[in-house]
Peer 1: 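Following this message is one structure expressed as structure tokens.
Heavy-atom basis, side chains included; hydrogens, waters and symmetry copies ignored.
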Amino acid sequence: MQNTTPKAFQNGANATQSLAHGGQYLTLRLGGEEYAIDILRVQEIRSYEEPTRMVNAPTFIKGVVNLRGVIVPIVDLRLKLNISKVDYTEFTVVIILNVRGTVIGAVVDAVSDVVTLTTENIKPAPQFETAIDSRFITGLANLGERMLIVMNMEALMSNAEMGMVAGALQS
């Protein structure tokens, strides 16, 4: 299931993620923490542009953008995860993800790099009463001096979590 080719940036629709598995992960910053997401979910990384607001959308959905003919909802992950709001800067980017065939944009403070994690690197996260729902975290990984929070993007960006009707806004 490991794909080490740069094609992972072009097509993320062919992998499933339920438990943390070894492979390549894109690291990103949200507030003061560093997170990792399965690179096979990543279609592309774009600079932040103000999306078109949608009436009655949840507060964490900033709006939608037209991405080459596909209407893509843009989610601010800081708001979705109840992380303190940070100003948008020149480092703020939108990661375009493909989750179960649905294209979704995730606003993050910055992306760092691509790292390779083995299954042994990823340890179960302790369960705390925190602002971040434990369903969204598949584990923690130590990488040298860095502690990465490995995210479950399928759970975080599911239609139910996004308040979207199944089939709506799909590519």
Peer 1: Can you see which heavy atom on Gly31 is nearest to which on Asp109, and at what distance?
Peer 2: N-OD2, 2.5 Å
Peer 1: Would Val108 and Val93 count as a side chain to side chain contact (heavy atoms under 4.5 Å, CB included) here? Give the steps.
Peer 2: CA-CA 6 Å; Val108 300; Val93 296; 3.6 Å; yes
Peer 1: Any heavy-atom pair between the side chains of Ile96 and Leu67 that's under 4.5 Å?
Peer 2: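 They are in contact (side-chain heavy atoms under 4.5 Å apart), so the answer is yes.
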Peer 1: Quick test of your reading of the model: are Glu49 and Arg46 salt-bridged, counting only N-O distances below 4.0 Å?
Peer 2: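 Between Arg46 and Glu49 there is a salt bridge, with a charged N closer than 4.0 Å to a carboxylate O.
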Peer 1: Where do Arg78 and Asp87 come nearest, in terms of heavy atoms and distance?
Peer 2: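 Looking at all heavy atoms of both residues, the closest pair is NH1-O, 4.2 Å.
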Peer 1: Distance from Leu79 atom CG to Leu30 atom CG, nearest 0.5 Å?
Peer 2: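 One finds 10.5 Å between CG of Leu79 and CG of Leu30.
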Peer 1: I want to check something: taking the side chain as every heavy atom from C-beta on, are Met153 and Asn98 in contact at a cut-off of under 4.5 Å?
Peer 2: no
Peer 1: Please name the pair of heavy atoms, one in Ile45 and one in Val42, separated by the smallest distance, quoted to 0.1 Å.
Peer 2: CG1-CG1, 4.3 Å
Peer 1: Between Thr138 and Met151, is any pair of side-chain heavy atoms under 4.5 Å apart?
Peer 2: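 Side-chain contact under 4.5 Å: no.
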Peer 1: When you compare the side chains of Asp113 and Tyr25, does any donor N or O come within less than 3.5 Å of an acceptor on the partner?
Peer 2: no
Peer 1: When you check the gap from the basic side-chain N to the acidic O, do Lys62 and Glu50 get nearer than 4.0 Å?
Peer 2: no
Peer 1: Can you give me the closest heavy-atom contact between Ala141 and Leu117, atom names plus distance?
Peer 2: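 In terms of heavy atoms, the two residues are closest at CB-CD1, 3.9 Å.
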Peer 1: Within a strict 4.5 Å, meaning less than it, do heavy atoms of the Ile71 and Asn66 side chains meet?
Peer 2: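 Side chain of Ile71 against side chain of Asn66, heavy atoms only: contact under 4.5 Å found.
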Peer 1: What are the two closest non-hydrogen atoms of Ile74 and Pro51, and how far apart are they?
Peer 2: CG1-CB, 4.1 Å
Peer 1: So Val65 and Thr52, side chain to side chain contact (heavy atoms under 4.5 Å, CB included) or not? Walk me through it.
Peer 2: CA-CA 6 Å; Val65 296; Thr52 302; over 6 Å; no
Peer 1: Can you tell me how far the CZ atom of Arg41 sits from the CD1 atom of Ile104, to the nearest 0.5 Å?
Peer 2: 11.0 Å
Peer 1: For atom CZ of Phe91, decide whether the heavy atoms of other residues, nucleotides or ligands shown that lie under 6.0 angstrom number more than 12.
Peer 2: no
Peer 1: Of all the heavy-atom pairs spanning Leu97 and Ala106, show the shortest one and how long it is.
Peer 2: CD1-CB, 4.1 Å
Peer 1: Is the shortest side-chain heavy-atom distance between Val115 and Leu148 below 4.5 Å?
Peer 2: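 Counting from C-beta outward, Val115 and Leu148 do come under 4.5 Å.
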Peer 1: Assess the residue pair Ile39 and Val114 against the criterion (side chain to side chain contact (heavy atoms under 4.5 Å, CB included)); give the C-alpha distance rounded to whole Å, side-chain angles, the decisive distance to 0.1 Å, and a yes or no.
Peer 2: CA-CA 8 Å; Ile39 199 163; Val114 175; 3.6 Å; yes
Peer 1: Quick one: are Met157 and Leu77 in side-chain contact, heavy atoms under 4.5 Å?
Peer 2: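 Touching, per the 4.5 Å side-chain cut-off.
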Peer 1: How long is the straight-line distance from CG of Leu26 back to CG of Leu40, given to the nearest 0.5 Å?
Peer 2: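 Interatomic distance, Leu40 CG to Leu26 CG, rounded to 0.5 Å: 11.5 Å.
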Peer 1: Just so I know, are the side chains of Glu154 and Arg100 near enough to count as touching, which here means a heavy-atom distance under 4.5 Å?
Peer 2: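 Yes, at least one pair of side-chain atoms sits under 4.5 Å.
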Peer 1: Roughly how far apart are Arg146 CZ and Glu34 CD, rounded to 0.5 Å?
Peer 2: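 Atom-to-atom, Arg146:CZ and Glu34:CD are 4.0 Å apart.
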Peer 1: To the nearest 0.5 Å, what is the distance between CD1 on Ile37 and CD1 on Ile149?
Peer 2: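 Here the rounded value is 13.5 Å.
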Peer 1: Is it the case that the side chain of Arg29 and the backbone of Glu33 share a donor-acceptor pair, with hydrogens and angles ignored and the cut-off at 3.5 Å?
Peer 2: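 A pair under 3.5 Å: yes.
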Peer 1: When rounded to the nearest 0.5 angstrom, what distance separates CZ in Phe136 from CG in Leu156?
Peer 2: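 Answer rounded to 0.5 Å: 5.0 Å.
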Peer 1: Give the C-alpha distance, both sets of side-chain angles, the deciding distance and a yes or no for side chain to side chain contact (heavy atoms under 4.5 Å, CB included) between Ile95 and Val111.
Peer 2: CA-CA 9 Å; Ile95 302 171; Val111 292; 3.8 Å; yes
Peer 1: Measuring only between side-chain heavy atoms, which start at C-beta, is Ile137 closer than 4.5 Å to Tyr35?
Peer 2: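 Side chain of Ile137 against side chain of Tyr35, heavy atoms only: no contact under 4.5 Å found.
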